[in-house]
Amino acid sequence: MSVYSKPITFALLSAVVILVGTFITLFIPMMLPSTQPVSDYIKPYTAIELEGRDIYIREGCNNCHTQTVRPLRTEVARYGEYSKPEEFAYDRPFLWGSRRTGPDLNRVGGKYPDSWHYKHMNDPRSMFAKSNMPAYGWLAKRKLDTKYSYRKVSILGYGYSESDVRNQIEEYRKKVTSADYPARAVRESVTPPELRSELTEMDAIIAYLQKLGRDVKALKKKEMRMVAEASPVTASKRNPFAGSKKAAEEGEKIFKKNCAVCHGEDAEGGIGPNLTDDKWRYGNSDSDLYTTISEGSPNGMPSWKGKLGNEAIWKVITFIRSQREQD
Amino acid sequence: MKENGYDYSVVRGFAFSAIFWLIVGLLVGLWLAAEMILPQLNLTPWLSFGRLRVVHTNGLAFGFALAGIFSCTYYILQRLTKVPLAFPRLARFHLWLFNIAIALAALSLFAGMNTSKEYAELEWPLDVGIVIMWVIFAINVFGTLIKRKEKQMYISLWYIIAMTVTIAVLYIVNNLEVPVNLFKSYSIYAGANDANVEWWYGHNAVGFVFTVPILAMFYYFLPKSTNLPIYSHRLSIIAFWSLVFGYLWTGAHHLMLTPLPEWIQTVAIAFSIFLIAPSWGSVVNGYYTMRGNWDQMRTNYLVKFFIFGITFYGLQTVQGPTQGLRTLTAFFHYTDYIPGHVHMGTMGWVTMIISASFYYMMPRITGKELYSIKLANLHFWLILVGQLLFTVTLWIAGIQQGAMWKATNPDGSLTYSFLEGVVALYPYWKIRLIGGLIYFVGIVVFTYNLIMTARGAGVKLAETRAQTA
């Protein structure tokens with residue numbers, strides 16, 4: 001009697017055969033803490049960020065956006081520091097994704113100011129004419145439901161008390177509805193009047209996006225500060241193209257492609273400040289401008305060093321300078 | 001036809017359920033393909049790409065493919081055991097439960113109730129329903145096997161048993177979640193573990209829905225429709241056991257270069273390469289079955305479907321493991337190359353084999369010849385051309401996209417912005433939409449042909465042919 005004439009034995013045997021690989025590659029890693037390490041510098045989501053994450057899941061954002069930066073040179077240049085396992089300790093479910101119809105988002109937190117996101121979520125094509133992302137303006141027309149917020153964070157074991165959750169929600173509401181919220185104008189332009197003093201689904205999803213990768217970036221900044229303090233010599237930088245008309249023209253093209261979305265077609269300002277006047281937030285020497293463009297700034301300017309590179313940054317500076325000379 | 005008391009009503013019911021969900025899933029797919037180039041088509045929240053994509057994948061993988069599998073399984077099971085279904089009324093209940101579950105699944109996904117885990121997006125109440133449905137199915141499979149009159153179980157039955165056992169394990173382990181309320185739950189696994197479980201499930205859903213039961217159909221219907229015995233029984237034994245053993249190790253090839261521990265990735269790739277052998281075991285077995293009888297490619301319309309189908313399976317099972325290799329995954333992963341790969345498997349292998357199986361079964365259920373062989377041939381060429389246009393275009397698009405993401409200037413900065421990489425794909429996405437439309441027309445022809453056959457519009461089958469079991 002062979003196994004091919006005993007259906008139940010055959011079924012049991014198949015179960016054993018499929019469970020070998022399952023046990024070794026699935027159950028053993030689950031028992032090893034090193035598979036999903038937990039680190040102090042990674043903080044769990046706040047109740048608002050978690051609500052935003054649930055909207056991200058509901059809308060299926062993970063079908064077009066990944067959340068893992070791979071340790072590859074061009075990927076790190078495009079998105080930032082590659083992803084570490086400890087970053088995902090609070091992710092249930094994980095949202096790594098499988099296709100990049102849109103860019104990776106694991107380092108999007110802090111890359112752009114909130115105003116950028118309100119404008120972009122509301123109408124992506126108002127910023128990038130050829131983008132194929134769906135418009136999500138309707139999220140700003142829906143009040144955020146926080147009925148289950150406490151239940152959610154307790155299931156996930158984030159360690160917040162019920163009053164912590166209430167405070168987190170209230171604090172975030174105060175932040176986005178206050179008169180000096182930097183994104184106030186854009187937020188009000190996309191939010192209907194009756195919801196302007198409430199939290200909307202749009203507010204929550206932006207809070208979530210701003211959390212992505214933030215803890216890793218903070219750690220990286222701290223490390224860089226320590227290195228800088230240890231070696232106080234900073235090289236002075238000079239623009240190799242200073243005054244060149246050709247470089248200014250090339251710089252204009254680069255500017256239109258990358259910078260105009262926020263600073264306006266002629267650098268007259270928009271989400272980002274006007275670059276044709278005499279006011280400079282981070283210093284006005286060539287070297288200061290270079291640092292601001294290449295490293296980014298705390299108010300929302302992204303870091304461009306990986307995307308543009310040395311030469312292109314200097315050409316953009318040449319263009320910006322030429323704009324001022326014309327006026 | 002009631003010879004031996006076989007119950008064909010569920011076979012027929014599942015066949016037409018499959019066709020129904022196939023049409024729905026493809027229409028959603030066409031809409032998605034159009035949204036890629038015309039984002040204005042994201043008209044309402046429930047029509048937005050993120051929600052619609054899961055309706056497409058679930059509708060076709062579970063609505064269409066599973067219904068096709070249930071239909072063929074209930075047919076093959078009775079034929080190979082030489083007894084009627086053990087519990088015919090339970091099978092009819094299964095049919096109703098299945099369609100209700102898929103309809104609710106589609107509605108809940110449209111409404112944005114989804115867990116985000118690919119091919120396991122359904123929320124927990126539906127998960128419970130699906131597990132119950134699977135148990136009902138398994139009771140009939142094993143009940144019928146136990147009271148069978150044919151002592152030896154033929155190859156197709158091994159694959160059916162393996163599917164029945166494995167899908168249950170996969171589905172339950174991956175869908176363990178803690179409910180927040182009726183419509184929302186959280187996975188019990190976190191981060192890297194959740195990813196590992198999900199792709200162990202995701203890859204084996206491909207293995208045990210898109211491969212194992214489709215091979216069961218192939219091993220049964222190819223010899224049946226050609227009147228040729230399968231080339232090697234021994235080869236099929238080796239191929240079967242090494243396939244079901246190897247598959248479960250490979251899920252992490254979907255997670256190459258992610259924060260998942262490196263050894264799991266390496267093991268997954270080793271087993272992926274290993275799987276080429278058993279996959280090609282079945283391909284070779286199919287080809288050699290035809291030896292000396294290749295003229296049937298011209299004379300027997302069904303053979304084209306089976307041989308092209310197994311050829312696409314063969315291509316897929318080489319392409320898959322190679323695109324998982326570290327250097328190649330670095331280039332291809334996250335690009336359109338991967339959807340290109342998947343669609344050759346689903347639109348080529350899975351659909352061609354299920355189509356041909358339906359063409360074989362339907363006349364034997366109704367006692368009438370197929371309505372039109374001409375239309376069956378037209379169906380074949382339309383889905384072949386549509387599929388190739390679709391998949392090859394996406395491969396090329398994927399290569400271009402990968403190259404643009406990787407391109408750097410001499411100073412090390414990136415040559416292209418992300419958006420430039422998107423804009424460059426618009427022409428390819430237009431061709432993909434055209435490929436999809438051609439494919440859809442082929443499926444409409446198929447549907448018409450099958451409905452006309454079931455209505456008895458074909459000529460009455462010769463009595464002798466009706467008796468061949």
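Order of the sequence lines sets the chain letters (A, B, ...), proteins ahead of strands, with each chain counted from 1.
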Identify whether the distance between the nearest side-chain nitrogen and carboxylate oxygen of [X] and [Y] falls below 4.0 Å.
X	Y	value
Glu75(A)	Arg100(A)	yes
Glu123(B)	Lys184(B)	no
Arg142(A)	Glu201(A)	yes
Glu118(B)	Arg99(A)	no

Of the backbone (N, CA, C, O) and the side chain (C-beta and beyond), which part of [X] lies under 4.5 Å from a heavy atom of chain A, both, or neither?
X	result
Leu419(B)	side chain
Asn204(B)	neither
Val422(B)	side chain
Val197(B)	both
Trp46(B)	neither
Leu255(B)	side chain
Val267(B)	side chain
Ile338(B)	neither
Pro339(B)	side chain
Asp411(B)	side chain
Gln401(B)	side chain
Phe418(B)	both
Asp194(B)	both
Trp200(B)	side chain

Which of [options] touches chain B most, by non-hydrogen pairs under 4.5 Å:
options	answer
Val16(A), Ile55(A), Ile28(A), Asp54(A)	Asp54(A)
Pro85(A), Pro134(A), Gly60(A), Pro103(A)	Pro103(A)
Gly309(A), Ser14(A), Ser98(A)	Ser98(A)
Tyr148(A), Phe128(A), Phe88(A), Tyr82(A)	Tyr148(A)
Ile57(A), Asp91(A), Leu26(A)	Leu26(A)
Leu19(A), Asn258(A), Leu139(A), Leu13(A)	Leu13(A)

Evaluate the side-chain proximity of [Y] to [X]: yes if any heavy-atom separation is below 4.5 Å, no if none is.
X	Y	answer
Tyr426(B)	Asn132(A)	yes
Met36(B)	Cys64(A)	no
Thr258(B)	Ser83(A)	no

Between [X] and [Y], a side-chain donor and acceptor under 3.5 Å:
X	Y	result
Asn310(A)	Tyr290(A)	yes
Thr66(A)	Asp104(A)	yes
Arg92(A)	Ser187(B)	no
Ser272(B)	Tyr247(B)	no

Answer with side chain, backbone, both or neither: which region of [X] has an atom nearer than 4.5 Å to a non-hydrogen atom of chain B?
X	value
Leu308(A)	backbone
Arg151(A)	side chain
Thr101(A)	both
Tyr79(A)	side chain
Lys130(A)	both
Ala77(A)	both

Verify, without hydrogens or angle tests, whether [X] (side chain) and [Y] (backbone) share a donor-acceptor contact under 3.5 angstrom.
X	Y	result
Asn58(B)	Val54(B)	yes
Thr44(B)	Leu47(B)	yes
Arg51(B)	Phe110(B)	yes

- Message: How long is the straight-line distance from NZ of Lys406(B) back to OG1 of Thr335(B), given to the nearest 0.5 Å?
- Response: 13.0 Å

- When Ile188(B), Leu425(B), Leu260(B), Ile146(B) are compared by non-hydrogen pairs under 4.5 Å with chain A, the top option: Ile188(B)

